[in-house]
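Working notes, structure below.
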Amino acid sequence: MNDPGRSGPAIDLSTDLCGIPLAGPVLNGSGTFDALAARKAFGDELLNDFPFAGFVSKTITVEPRAGNPPHRLWETPSGMINSIGLPNPGLSAFCERDLGPLTELGVPLIVSVMADSAPGFAELVEAVGGRDGVSGIELNVSCPNVHSGLIVGEQPDEITALLESLRGLTDLPLIVKLTPNVANPELIAAAAEAAGADAVSLINTIKATAIDPDSNRSWLGAGGGGLSGPAVRPVALAQVRAVSAAVSIPVVGMGGVTDGSSALEFILAGARVVAVGTENFRDPRAGQVVRDGLEEALHRRGFSSLAEAQASTLS
Amino acid sequence: MNDPGRSGPAIDLSTDLCGIPLAGPVLNGSGTFDALAARKAFGDELLNDFPFAGFVSKTITVEPRAGNPPHRLWETPSGMINSIGLPNPGLSAFCERDLGPLTELGVPLIVSVMADSAPGFAELVEAVGGRDGVSGIELNVSCPNVHSGLIVGEQPDEITALLESLRGLTDLPLIVKLTPNVANPELIAAAAEAAGADAVSLINTIKATAIDPDSNRSWLGAGGGGLSGPAVRPVALAQVRAVSAAVSIPVVGMGGVTDGSSALEFILAGARVVAVGTENFRDPRAGQVVRDGLEEALHRRGFSSLAEAQASTLS
Amino acid sequence: MAAERPIAPFGRRLCRVGESHATGGYRIFSLIDEVGPEPAPGQFYMLTAAGDWEGAGGRPFLPRAISVARTSGRKGAVRLDFLIDVVGPGTGRLAGLVHGDGCHLAGPFGQGFSMPKQLNPDAAGAILVGGGIGIAPLAMQRRALTGRGVASRTLLGFRDRAHSGGVEELFGCEETRLAFEDGSSGHTGYVTDLLLRMLDGDDSGRGVVYSCGPPAMLEAVRRICADYSVPVELALESPMACGYGACFGCAVPLVRGGYMRLCVDGPVVRGDEIASAMAGEAGAG
Amino acid sequence: MAAERPIAPFGRRLCRVGESHATGGYRIFSLIDEVGPEPAPGQFYMLTAAGDWEGAGGRPFLPRAISVARTSGRKGAVRLDFLIDVVGPGTGRLAGLVHGDGCHLAGPFGQGFSMPKQLNPDAAGAILVGGGIGIAPLAMQRRALTGRGVASRTLLGFRDRAHSGGVEELFGCEETRLAFEDGSSGHTGYVTDLLLRMLDGDDSGRGVVYSCGPPAMLEAVRRICADYSVPVELALESPMACGYGACFGCAVPLVRGGYMRLCVDGPVVRGDEIASAMAGEAGAG
Ligand SMILES: Cc1cc2nc3c(=O)[nH]c(=O)nc-3n(C[C@H](O)[C@H](O)[C@H](O)COP(=O)(O)OP(=O)(O)OC[C@H]3O[C@@H](n4cnc5c(N)ncnc54)[C@H](O)[C@@H]3O)c2cc1C
Ligand SMILES: Cc1cc2nc3c(=O)[nH]c(=O)nc-3n(C[C@H](O)[C@H](O)[C@H](O)COP(=O)(O)OP(=O)(O)OC[C@H]3O[C@@H](n4cnc5c(N)ncnc54)[C@H](O)[C@@H]3O)c2cc1C
Ligand SMILES: Cc1cc2nc3c(=O)[nH]c(=O)nc-3n(C[C@H](O)[C@H](O)[C@H](O)COP(=O)(O)O)c2cc1C
Ligand SMILES: Cc1cc2nc3c(=O)[nH]c(=O)nc-3n(C[C@H](O)[C@H](O)[C@H](O)COP(=O)(O)O)c2cc1C
Ligand code: FES
Ligand code: FES
């Protein structure tokens, strides 16, 4: 996928994420690219030209979930709100039906999981961690803990307790997906690192809502949702920067990555790799556009490799 | 300033904000309209046609502040980051030089104040509260407390302690300007209400940063800043809605108000009045555009008065 | 048992606008697709005007789902015609496209209409019931039926003359029966009156119905067909961010519980799969 | 002691583009302002193309500050000419404006150039030193000086021919001395070489200097004038959100400490007020 118009020699984009080798630094954001549905829509051309260097699954839960009632989408200035509500087939159907095809994509697979209790997370981590073809597990911690009622991802103590209970269950890298809806995400990230997380990823969507233009109601069936897209990029960059400065485990940066320049901004802010979310909806090949654009941006800025940019500290 | 093209009878837009009578529900956001500078640029036409029904001063501090080093601005997708750093002449110069002219604008004056200690706030509230022509005081609580090191606006306890120390010092309404950089702004708002606040205003800007496109540095002189404008509107609406549901004191809603429709969204989300910030930079008359547009939007939606919309609860 | 499904080339592609013109209250424009397959009737594309897509107020931001109304082969390319009803910033931009402008295209996506025999082995013919902008996919289906020698009758309903754009152009000299709510011509009233009359006079067990139009019309058609036990396929709408199954945003509630992704398992759905054709409406659910 | 300051009508107003054309590497376009006063040389306007301002990627979002390069009276209106150097999305939009397009205008804003006697009671004449897009406000000032019978000499510097747009048009037959870094004509080198030569040969105590151009050039001019004790006014740039003192974003550090708002107390500043003309540069401070 080298752009024939690009000038200069090819730049080495290979990297790794806590032991997961990656041909390039661009993943998808969980829940923003369904590789199996995309294969149905685009056929095998998708596999020949898979847009991401690693694939992150949609978040799965122990039990199947139907997701939220409509409406689930609202377009906002330079962004969108979603209130999808984590529809997924549940752990066993995922393992039996989806996992096989997902391991055939030709890139490392990271499975995203969520539960509302530590035993729930443990069940997911053990089941997924025991399957062939899984390279890592992302822990989506934005759900309220059924025992404490607290949102796990908002409380350092909850994160510590969760990670300690999971750490012994798998040798796979555990990536904690942070919520942006806290005053100091770096405290959560530091707690995750101390308790054994191998990486953190951020940002998830920012709490948001929309009012129906024609009635006194919420537009979204669930009453509220999360904001993503270029509108949130400045917030994501600030959080990635604060978190990167606070931890030494790698950071997956996301939130409004749309092109090579925005990807480079995340790398300079401290991210090791980036993930593309909302932009996939605007362009199914966005992952490649970002990858190729990053190569171009590195070249323009005089970096001779990705590693050089990853190592450069922002002043 | 009735738009001659508008259809239907005039709609009553008068309202009040915790005892401050207002001809309409549109204020300015603190720090986004300098009425004295505007008077210099636009002359007395400004006063004949003042765009806001109440004027909120830029935040003042006890000592003068020069503000942050440049750059202070960065344009973002549908928004902007500022890192202005609260330049202001300090309490005494403000009282001697600026307060007089500000009381001549012909609309109620709300003075915004900030300090990094309770005694600092007390000095500001006593001094400003003792002056003629001031209708209310807005407490900007986004600064770290010099004693606790905690950001006052992020901690319910800090807010309680601050309000309790100030409540006895003035009879003027005290409006607490909330920070959006917390998981649950409604908890802060509830603490403010319980400790005697007369109103809350939100949102202030969301923590954000920008990377210089041509070097490995932060674009902003201060390293980071705050995001505002239409990009943040969905977040502001969610917070206004959550806060309005949690308190019974009035809410001043802001964050990306650009026109009548967006103002109505805030009212339906529970705000009593709205404030216009960033849009003033795009159009110096934005306050009037929003006011006139709101009248139009109320009419279109079948409301016969502002009060009716204010009373309508969102389902 | 659904119709075969053309596969979209991976990604989006920049196409040129062939021509564009007003028709009734709508606008028709064509894109020349040099890469993609011939779409099936009922399929749709995700469109993004190149260059100036994002407009005042930061919208449109996402691409917009638009049904293909007509196709015609050109040497090494397919010409795709779209019928646009301007309801907001996205359709406004698309309606402003003129000859030579660029427009990104992804698709064709989704499951289109079945053939009558797939819905009812005894089916002898079909009735197409449409209204407003919904006539676009029906025009495609009518041509496909005609091409396969399947008899069909077309009933179209409009609020008034100003909202009946595209009929002559898309249905040409094929016979259509029209209903106008304002009585400006044809039958005065709803298109469902025409459908009821037809089903009452028919051996309805031998037909199938295809419908596309405003949700209230679709829901009325769905109920009528259920009452008369006539198989019906409805082309629905719902807000879509991606069009290819990535976002899970286009959920439509199913009778059997849960939701379908309309972009993957629709936009054409069987009447008996859904509880209501109005579930995608504001605040529904 | 600054020049008198025309007052802007309150708000922004929609104006029509009179004409537009390319000139060298730049673009000139004119707006017909039926409401505002004649601006003073060195003042600027905040411009926002109507309709399609917000572009791909959500920018431009804020208005853009542009100096007025030339004015001409028309019956009941002022024609304002702007010289545009395309460096990003905002200037790109403005450069794309053509006859009849709408553009919102707020201003005139800021403090323009003084007259020589205001800077130096003994001043007998003035030297204008400009480069690149900075020639725009100097062209205005040169006309004002000529109009008041003040002798002035103009020195302009450019990287190359391609970046010398607007010179002939804005300075017409008035005498200018040109420097080109690439030696394509005139003096080979910097415009500051010409300035040094002129000051060395002059009774410099009797002149004043006005300058506008790239920060590095302005800083060189500022230092030279300080060395020669010649009063100098520099038209600076800094990122601006509002242009009328509302945002405090356009801070420029002052020699005496603190910052000025460039839109209120500038954009024309005295050389001795600022520590450096490069303080607004990336990462400065
Ligand atoms: C499969 C499919 C096929 C379609 N085929 C066609 C076709 O052939 N021709 C055609 O003209 N249309 C077609 N549509 C409809 C078309 O996609 C929508 O009308 C279009 O997306 C509206 O976009 P807009 O920007 O013009 O208006 P919007 O303003 O986005 O939408 C109009 C309405 O949507 C609601 N809405 C949703 N989000 C927002 C928001 N963020 N802000 C304000 N209002 C919002 C409001 O109720 C508003 O009145 C099809 C849709 C689908 C799903
Ligand atoms: C008083 C005054 C008078 C002026 N007069 C003129 C004039 O007569 N003619 C003229 O052509 N120009 C003039 N300018 C300059 C003009 O205002 C800027 O060039 C313009 O604002 C740039 O906007 P843009 O969108 O084209 O480019 P931007 O992309 O906004 O800016 C270009 C550069 O600014 C930086 N930058 C700032 N913010 C961002 C961002 N969010 N993203 C990326 N880069 C950013 C980058 O370094 C970039 O290279 C004047 C400026 C001032 C203050
Ligand atoms: C429609 C949609 C669905 C999402 N689903 C999930 C999910 O299942 N699990 C998760 O961890 N994040 C989910 N996210 C968050 C994204 O992975 C990503 O963190 C966020 O959207 C910010 O990136 P972006 O601005 O590039 O979209 C979802 C986002 C969107 C827009
Ligand atoms: C340039 C700028 C300066 C601001 N200064 C202050 C300030 O001094 N005090 C304060 O409480 N809020 C300040 N704010 C925040 C605004 O009052 C407002 O809360 C915020 O910008 C959200 O509204 P908006 O999206 O309409 O701009 C400032 C915002 C901007 C953009
Ligand atoms: S539109 Fe995205 S899944 Fe259907
Ligand atoms: S540009 Fe806003 S204060 Fe100067």
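Every chain is numbered from 1, with letters handed out A, B, ... down the list of sequences. Note that the structure is predicted; figures quoted are calculated from it, not measured. Below, all heavy atoms of this structure are taken into account, side chains as well, without hydrogens, waters or symmetry copies.
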May I have the list of side-chain donor-acceptor pairs in residues 247-263 of chain D shorter than 3.5 Å, sequence neighbours left out?
from, atom 1, to, atom 2, distance (Å)
D/R261, NH1, B/D34, OD2, 2.9
D/R261, NH1, D/G245, O, 2.6

Query raised in the report: Hey, does the side chain of B/E75 reach the backbone of D/L62 with a donor-acceptor pair shorter than 3.5 angstrom?
Result: yes
Query raised in the report: Counting heavy-atom pairs under 4.5 Å to chain D, which of B/S78, B/G43, B/A222 comes out on top?
Result: B/S78
Query raised in the report: Non-hydrogen atoms of chain D under 4.5 Å away: do they reach the side chain of B/N68, the backbone, both or neither?
Result: backbone
Report task. Find the distance between CZ (B/R282) and NE2 (D/H104) and round it off to the nearest 0.5 Å. Result -> 9.5 Å
Report task. Just say parallel, tilted or perpendicular for the rings of D/F10 and B/F42, cut-offs at 30° and 60°. Result -> perpendicular
Query raised in the report: With only heavy atoms counted, which part of B/N82 is less than 4.5 Å from chain D, the side chain, the backbone, both or neither?
Result: neither
Query raised in the report: Counting heavy atoms not belonging to D/E34, are there more than 12 under 6.0 Å from its CD?
Result: no
**Report entry** Contact class of D/P9 relative to chain B, heavy atoms under 4.5 angstrom
**Finding:** both
Query raised in the report: Which region of B/T32, side chain (C-beta onward) or backbone (N, CA, C, O), has a non-hydrogen atom less than 4.5 Å from a non-hydrogen atom of chain D, or is it both or neither?
Result: backbone
Requested in this report: Name the option with the most non-hydrogen atom pairs under 4.5 Å to chain D; the candidates are B/K40, B/E45, B/M80.
Outcome: B/E45
Query raised in the report: Does atom CD of B/E63 have more than 12 heavy-atom neighbours from other groups under 6.0 Å away?
Result: no
**Report entry** Flag if over 12 foreign heavy atoms under 6.0 Å of CZ, D/R159
**Finding:** no
Query raised in the report: Between D/P108, D/P60, D/G243, D/A106, which residue shows the highest count of heavy-atom pairs closer than 4.5 Å to chain B?
Result: D/P60
Query raised in the report: In terms of heavy-atom proximity below 4.5 Å to chain D, should B/S83 be classed as side chain, backbone, both, or neither?
Result: neither
Query raised in the report: Listed by residue number, which members of residues 87-102 of chain B have a heavy atom under 4.5 Å from any heavy atom of chain D?
Result: B/P87
Query - Contact class of D/R64 relative to chain B, heavy atoms under 4.5 angstrom - result: side chain
Requested in this report: Determine the option with the most heavy-atom pairs under 4.5 angstrom with chain D, choosing from B/N280, B/N48, B/L73.
Outcome: B/L73
Query raised in the report: Which one, B/G31, B/G79, B/A66, leads in non-hydrogen pairs under 4.5 Å with chain D?
Result: B/G79
**Report entry** Heavy atoms of other groups near D/R223 CZ, more than 12 under 6.0 Å
**Finding:** no
**Report entry** Shortest non-hydrogen contact from B/A41 toward D/Y244
**Finding:** CB-CB, 4.0 Å
